[in-house]
Every structure is written in C-alpha cells, then in structure tokens.
Amino acid sequence: MILDSLDRLACYGQISPLLDKVLDFLKNTDLETLKPGRITIQGDDLFVNVNCQDAKTREEAPIESHREYIDIQIPVTCDEEMGYQPQSFNSPVTIPYDSQKDVAFHEGLCDTYVNVRKGMFVVFFPGEGHAPGIVNSSILKLIIKIRK
C-alpha cells in the first residue's frame with residue numbers, strides 16, 4: 001500500500017509503465033465533473049471506474065482483494081476512510097474469487113484504517129486486502145485499475 005498526496009503520484013513510476021498515461025488522464029480531466037461509469041484508457045490494461053457511493057460504516061465495508069489489477073483509489077469530493085490488510089492476511093473468504101471482476105471478498109474488519117483526504121491517493125497492490133468507501137455522506141471517487 002502507498003498513501004500520499006496526489007501531486008506526488010509521479011514519484012511512483014515504478015508502480016507501472018502505464019503510470020504516465022494515468023498522470024496524463026488526471027492532468028487533463030476535471031475530476032469533479034466525471035459521471036459514474038468506466039473510462040477506458042488502454043483497453044483492459046488501464047481503465048478508470050468512476051464511482052458515486054453512499055455513506056458506509058466500517059462494518060458495511062467488506063475486505064476485498066484482487067489478483068490481476070493494481071488499484072489507485074482517489075477520493076474526489078470528500079475524505080474517505082479505507083481499511084488495509086497486508087498481503088499476508090488470512091481472513092476467510094466470504095465470496096470466492098471472481099476472475100471476470102478480479103475480486104474476492106473476505107470476512108471481518110481490517111487491522112488498520114487510514115484517512116485518505118481529498119487531494120490524496122492510495123495504491124493497493126494485488127493480494128493486499130482493503131475495505132474502501134467508508135464515508136459519512138455520498139462520495140465521488142476514482143478507482144484506476146492497472147493490470148500488473
């Protein structure tokens with residue numbers, strides 16, 4: 001997991017050779033005007049899910065994990081709390097891995113929670129558990145998906 005301010009995302013070029021395309025997208029897009037849905041940047045290798053989510057508590061935010069994609073999550077309209085479990089976490093699976101959606105869900109709560117403020121980003125790598133979307137009101141956020 002990486003947590004930093006959005007203006008420092010370029011410092012993490014080792015994440016993926018596709019990071020330059022992510023930076024171009026962010027530089028040339030008014031994020032607050034995006035509508036929910038998928039924005040394809042480079043086929044299935046790089047795309048953005050624009051989500052509008054309602055309020056959710058820690059208990060309502062299941063732990064999820066991915067195998068094929070790196071997540072770069074960016075809260076656009078307000079701060080967001082996100083749970084984190086390291087790759088070695090062993091939480092039992094509640095919904096088995098779905099290869100079409102690249103996600104499995106796990107039971108329990110995360111050991112660690114961080115506040116991701118508007119203007120920040122968090123990177124979750126494949127295998128790392130995370131419980132995003134913990135907010136007091138609705139939120140517009142980006143989930144940038146980069147194939148590893």
Peer 1: So do Leu6 and Ile74 actually touch side chain to side chain, heavy atoms under 4.5 Å?
Peer 2: yes
Peer 1: Got a donor-acceptor contact below 3.5 angstrom from the Thr77 side chain to the Ile139 backbone?
Peer 2: no
Peer 1: Look only at the side chain of Thr40 and the backbone of Gly43, and say whether a donor-acceptor pair between them is shorter than 3.5 Å.
Peer 2: no
Peer 1: In the structure I gave you, are the side-chain heavy atoms of Phe89 and His106 within less than 4.5 Å of one another anywhere?
Peer 2: yes
Peer 1: Applying side chain to side chain contact (heavy atoms under 4.5 Å, CB included) to Glu81 and Arg58, what does each step give before you reach the verdict?
Peer 2: CA-CA 9 Å; Glu81 185 177 53; Arg58 286 183 180 181; 2.7 Å; yes
Peer 1: Between Lys148 and Asp102 (salt bridge meaning N to carboxylate O under 4.0 Å), is one present in this structure?
Peer 2: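 A salt bridge is absent here (no side-chain N lies under 4.0 Å from a carboxylate O).
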Peer 1: Does the side chain of Asp71 come under 3.5 Å of the side chain of Gln73 through a donor N or O and an acceptor N or O?
Peer 2: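 Yes, side-chain donor-acceptor contact under 3.5 Å.
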Peer 1: Using side-chain heavy atoms (C-beta onward) and a distance below 4.5 Å, is Pro92 in contact with Glu107?
Peer 2: yes
Peer 1: Once rounded to the nearest 0.5 Å, what's the spacing between atom CZ of Phe47 and atom CZ of Arg38?
Peer 2: 4.5 Å
Peer 1: Between Met1 and Phe125, what is the shortest heavy-atom contact and its length?
Peer 2: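 The answer is N-CD1, 3.9 Å.
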Peer 1: Decide yes or no for Ile146 and Val22: does some side-chain heavy atom of the first lie under 4.5 Å from some side-chain heavy atom of the second?
Peer 2: yes
Peer 1: Filter on side chain to side chain donor-acceptor pair (under 3.5 Å), then keep only pairs touching residues 25-37, sequence neighbours left out; what's left?
Peer 2: Glu32-Lys118
Peer 1: Exactly one of Arg117, Lys141, Lys56 should register a salt bridge (Lys or Arg N to Asp or Glu O under 4.0 Å) with Glu80. Which one does?
Peer 2: Lys141
Peer 1: Side chains of Glu68 and His66 only: does a donor on one sit below 3.5 Å from an acceptor on the other?
Peer 2: no
Peer 1: For side chain to side chain contact (heavy atoms under 4.5 Å, CB included), just list the numbers for Arg147 and Leu46, CA-CA rounded to whole Å, side-chain angles, deciding distance to a tenth of an Å, and then say yes or no.
Peer 2: CA-CA 7 Å; Arg147 191 182 302 273; Leu46 175 61; over 6 Å; no
Peer 1: So how far is it from Asp20 CG to Phe25 CZ, rounded to the nearest 0.5 Å?
Peer 2: 15.0 Å
Peer 1: Can you establish whether the number of heavy atoms outside Asn115 located under 6.0 Å from its atom CG is more than 12?
Peer 2: yes
Peer 1: Would you compute the distance between atom NZ of Lys145 and atom CD1 of Ile41 and round it to the nearest 0.5 angstrom?
Peer 2: 13.5 Å
Peer 1: Treating Ile, Leu, Val, Met, Phe, Trp and Tyr as nodes and any side-chain heavy-atom pair under 4.5 angstrom as an edge, say whether Met120 and Tyr12 lie in one connected cluster.
Peer 2: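 In one cluster with Met120: Tyr12, no.
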Peer 1: Calculate, to the nearest 0.5 Å, the distance between atoms CG and CG belonging to Leu26 and Asp7 respectively.
Peer 2: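 With rounding to 0.5 Å, CG (Leu26) is 12.0 Å from CG (Asp7).
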Peer 1: Got Asp45 and Leu18 here, is their nearest side-chain heavy-atom distance under 4.5 Å?
Peer 2: yes
Peer 1: Of all the heavy-atom pairs spanning Ser91 and Gly108, show the shortest one and how long it is.
Peer 2: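 Closest pair (atom of Ser91, atom of Gly108, distance): OG-N, 4.5 Å.
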Peer 1: Which atom names give the shortest non-hydrogen contact between Ala61 and Ala131, and what distance separates them?
Peer 2: O-CB, 3.5 Å
Peer 1: I want to check something: taking the side chain as every heavy atom from C-beta on, are Leu9 and Leu23 in contact at a cut-off of under 4.5 Å?
Peer 2: yes
Peer 1: Under 4.5 Å between side-chain heavy atoms, hopping through other hydrophobics if needed: is there a path connecting Ile95 to Val103?
Peer 2: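 Yes, Ile95 and Val103 fall within the same hydrophobic cluster.
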Peer 1: In this structure, would Ile144 and Phe121 fall into the same cluster of hydrophobic residues linked by side-chain contacts under 4.5 Å?
Peer 2: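 Both belong to a single hydrophobic cluster.
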Peer 1: Starting at CD1 of Ile70, measure out to CZ of Phe124 and round the result to the nearest 0.5 Å.
Peer 2: 13.0 Å
Peer 1: State, yes or no, whether a side-chain contact exists between Ile63 and Cys110 at a heavy-atom distance under 4.5 Å.
Peer 2: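 Yes; the side chains approach each other to less than 4.5 Å.
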Peer 1: Do Tyr84 and Asp111 pair up side chain to side chain, a donor and an acceptor below 3.5 Å, judged on atom types alone?
Peer 2: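 Side chains of Tyr84 and Asp111: no pair found under 3.5 Å.
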Peer 1: Given Ile15 and Ile2, is the side chain to side chain contact (heavy atoms under 4.5 Å, CB included) satisfied, shown in steps?
Peer 2: CA-CA 10 Å; Ile15 290 172; Ile2 298 170; 4.2 Å; yes
Peer 1: Search all heavy atoms of Val50 against all heavy atoms of Leu142 and return the closest pair with its distance.
Peer 2: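 Shortest heavy-atom separation between Val50 and Leu142 comes out as CG2-CD2, 3.8 Å.
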Peer 1: Could you tell me the separation between the NZ atom of Lys21 and the CG atom of Leu19, rounded to the nearest 0.5 Å?
Peer 2: 12.0 Å
Peer 1: Between Ser65 and His130, does any side-chain donor sit less than 3.5 Å from a side-chain acceptor?
Peer 2: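 Their side chains do not contain a donor-acceptor pair, so the 3.5 Å distance test is not met.
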Peer 1: Yes or no on side chain to side chain contact (heavy atoms under 4.5 Å, CB included) for Leu3 and Val116, after CA distance, side-chain angles and deciding distance?
Peer 2: CA-CA 8 Å; Leu3 173 66; Val116 184; 3.8 Å; yes
Peer 1: Ile72, Ile143: one ILVMFWY side-chain cluster at the under-4.5 Å cut-off?
Peer 2: no
Peer 1: Of the non-hydrogen atoms in Val135 and Asp54, which two are nearest, and what is the gap between them?
Peer 2: CG2-O, 3.8 Å
Peer 1: Is any side-chain heavy atom of Glu59 closer than 4.5 Å to a side-chain heavy atom of Leu109?
Peer 2: yes
